[in-house]
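One-based numbering, in listed order, for ligands and for the atoms of each. Just so you know, these numbers come straight off a predicted model, no measurement behind them.
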Amino acid sequence: MSPKDLTPENVRAVVSEVIAEMTRSGELRNLAQREASEGYSAVVEVSALHGVFQNMEEAIDAAERAQRDLMDLTLVQRNHLIAELRRVSLAHKTDFARRELAETGMGRLSHKIAKFDLLMRVAPGTEVLTTQAFSGDRGLTIEERAPFGVIGAITPSTHAVPTLVNNAICMIAAGNSVVFNAHPATRKIFAHAISIYNRAIIDAGGPPNLMTCVENPTLETGKVLFSHPKIRLLVVTGGPVVVAEAFKAPKKAICAGPGNPPVVVDETADIARAAESIIEGGGFDNNIICIGEKEILVVDSVADALKREMVARGCVELNLNQIERLSKEAFQFKEGVGCGSPILNRDLVGRNASVLAERIGLKIDDDVPLLIGETPFDHLFVHEEQMMPFIPIVRCRDARQAIDLAFEAEHGYGHTAVIHSTNIENMSRMARLMNTTLFIKNGPSLAGLGGGGEGYGSFTIASPTGEGITTALTFTRQRRCTLVDYFRIV
Ligand code: NAD
């Protein structure tokens, strides 16, 4: 290489190659072990480069090499890498949460930490990849789950690192590598976390660059993933615009799109429990998570009781005049007030209730979990995915009307819906009508992901494309292997 070839890109490519070679030969692991025992720091010096690239082509090429190397590892080794991702997530959860909160300004620290605790408990690894066998007089056929190869993943601003590690665990467990395009508003924490996770994988004997990203993600770098021939599968976690883009891509896309989860409270519900659950789910991380309760449809006869119970648990009720003022702060319009489609004011998304209150001249405590208030059904706060800690309450004549309006408010996203009721007819009717991926009865929305309910969980919930709560199985292809006439053993 002549001096004029010493461009940053070339140097980076050479360093990546050297790291890959050292990993293949086991040299990097030895170096890391020496580092641990002797306080030696050579590996630390290169760690800033782990998985973070200047351009998308490099990030994709590196992930492609990593995926080939991953396939050379045994399942025991693959499991070990997944265990490391879990261990590192828990070890760094406070640091990751702090940095993400500082960079985006969205959510609450304790909830951001809790997301890692939940995820590491509920997101399964390779154990969901089972083999199916068919045996008979004509021999034995097995079906196994194979990786796609290199996956291109788009992540949201609302939980960058939880989505990163959730996707990484599932995708790597399935034998894939992954190239991420993070939301630009999370680029620093994303690169930081990718670097730490890759470093942990290398130290555990895995290949470098199993997950990669670009240092400066943009819509353009994201679009490279959409059309790049080496990207075999797209996984998109985000709002309606990026999901619509993914549908246009010339390859398979798994899309985890927006939600606007309604919660119905009927006259048979345990009202105190309903109030507590709505605060737990809708107040979680200041209501930025896609499954969080976004509007309450309550039967008139128990509406006052529900509000009382919510206020008794720290919520602050706004009157209609205050809600109108908050609405003007929360939504902007493309073509003058009142026309065009509303655009969310990002300065209020995920902020504490006290910040929202301040915008309308109210001083409240920082730990108020939610603002609530009655609105008509056709209010913007009912129909838009507000992702902030104000939840509108709509009074309904009876349970039938509440369920019908919940269906309308969800807009067919098929994402999440919640009911508080002890009437089996109402629960059953709503479950059928809503047709949502998650349907939660008598608990917070989080229960649908294993947070206070049973079952596994994920932060990539693919409703538009139908895969549901994603696991390693979601990111595999089916392969069949047939042996004719032999190996039936009975
Ligand atoms: P967003 O749609 O603004 O951004 C999501 C990602 O898409 C970002 O990385 C962004 O850079 C990218 N993007 C946006 N437009 C694009 C385009 N035209 N081409 C290529 N990439 C594009 O969403 P957000 O505000 O960051 O996140 C919140 C949204 O994500 C909400 O709608 C929420 O419901 C949804 N979400 C869904 C799930 C789920 O599991 N279903 C999980 C988390 C978030």
Please report which non-hydrogen protein atom sits nearest to [atom], along with the residue it belongs to and the distance in Å to one decimal place.
| atom | answer |
| --- | --- |
| atom 4 (O) of ligand 1 | His183 CD2, 3.6 Å |
| atom 35 (C) of ligand 1 | Gly238 O, 3.4 Å |
| atom 21 (N) of ligand 1 | Val242 CG2, 3.5 Å |
| atom 40 (O) of ligand 1 | Ile461 N, 2.6 Å |
| atom 2 (O) of ligand 1 | Gly239 N, 2.8 Å |

With a cut-off of 4.0 Å, which atoms of ligand 1 are near a heavy atom of [X]?
| X | result |
| --- | --- |
| His415 | 39 (C), 41 (N) |
| Thr155 | 6 (C), 8 (C), 9 (O) |
| Gly259 | 34 (O) |
| Thr460 | 40 (O) |
| Ser157 | 24 (P), 25 (O), 26 (O) |
| Phe459 | 40 (O), 42 (C) |
| Ala182 | 9 (O) |

Just go through [options] and tell me whose heavy atom is the nearest to [atom].
| atom | options | answer |
| --- | --- | --- |
| atom 6 (C) of ligand 1 | Ile154, Thr104, Asn166 | Ile154 |
| atom 44 (C) of ligand 1 | Leu438, Thr158, Leu225, Val224 | Thr158 |
| atom 34 (O) of ligand 1 | Glu245, Glu385, Arg187, His159 | Glu385 |
| atom 37 (C) of ligand 1 | Gly257, Pro258, Pro156 | Gly257 |
| atom 11 (O) of ligand 1 | Ala462, Cys290, Pro184, Ala246 | Pro184 |
| atom 16 (C) of ligand 1 | Thr218, Leu219, Thr237, Ile289 | Leu219 |

Taking all non-hydrogen atoms of both residues into account, name the closest pair between [X] and [Y] and its distance.
| X | Y | result |
| --- | --- | --- |
| Ala275 | Met310 | CB-CG, 3.6 Å |
| Thr212 | Ala62 | CG2-CB, 4.4 Å |
| Leu297 | Leu405 | CD1-CB, 4.0 Å |

Go through the side-chain N and O atoms of Glu467 and Thr465 and say whether any donor and acceptor fall under 3.5 Å apart.
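Yes, because at least one side-chain N or O of Glu467 sits under 3.5 Å from a partner of the opposite role on Thr465.
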
Examine the side chains of Asn167 and Thr460 and answer whether a donor and an acceptor come within less than 3.5 Å of each other.
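Per modelled atom types, Asn167 and Thr460 side chains form a pair under 3.5 Å.
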
Quick check on the 6.0 Å ring-centre criterion: do [X] and [Y] meet it?
| X | Y | result |
| --- | --- | --- |
| Phe116 | His92 | no |
| Phe475 | Phe148 | no |
| Phe226 | Phe247 | no |

Give the contacting part of Val236 toward ligand 1: side chain, backbone, both or neither, where contact means a heavy-atom distance below 4.0 Å.
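It is neither; nothing of Val236 touches ligand 1.
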
Taking [X] for its side chain and [Y] for its backbone only, find out whether a donor-acceptor pair lies under 3.5 Å.
| X | Y | value |
| --- | --- | --- |
| Asn166 | Pro162 | no |
| Asn260 | Val382 | yes |
| Thr476 | Leu473 | yes |

Pick one: which of Val243, Val242, Thr237 meets side chain to side chain contact (heavy atoms under 4.5 Å, CB included) with Ile154?
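For Ile154, the side chain to side chain contact (heavy atoms under 4.5 Å, CB included) test succeeds with only one of Val243, Val242, Thr237, which is Val242.
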
Heavy atom of Arg346, distance to ligand 1 below 4.0 Å:
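Heavy atoms of Arg346 do come under 4.0 Å of ligand 1.
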
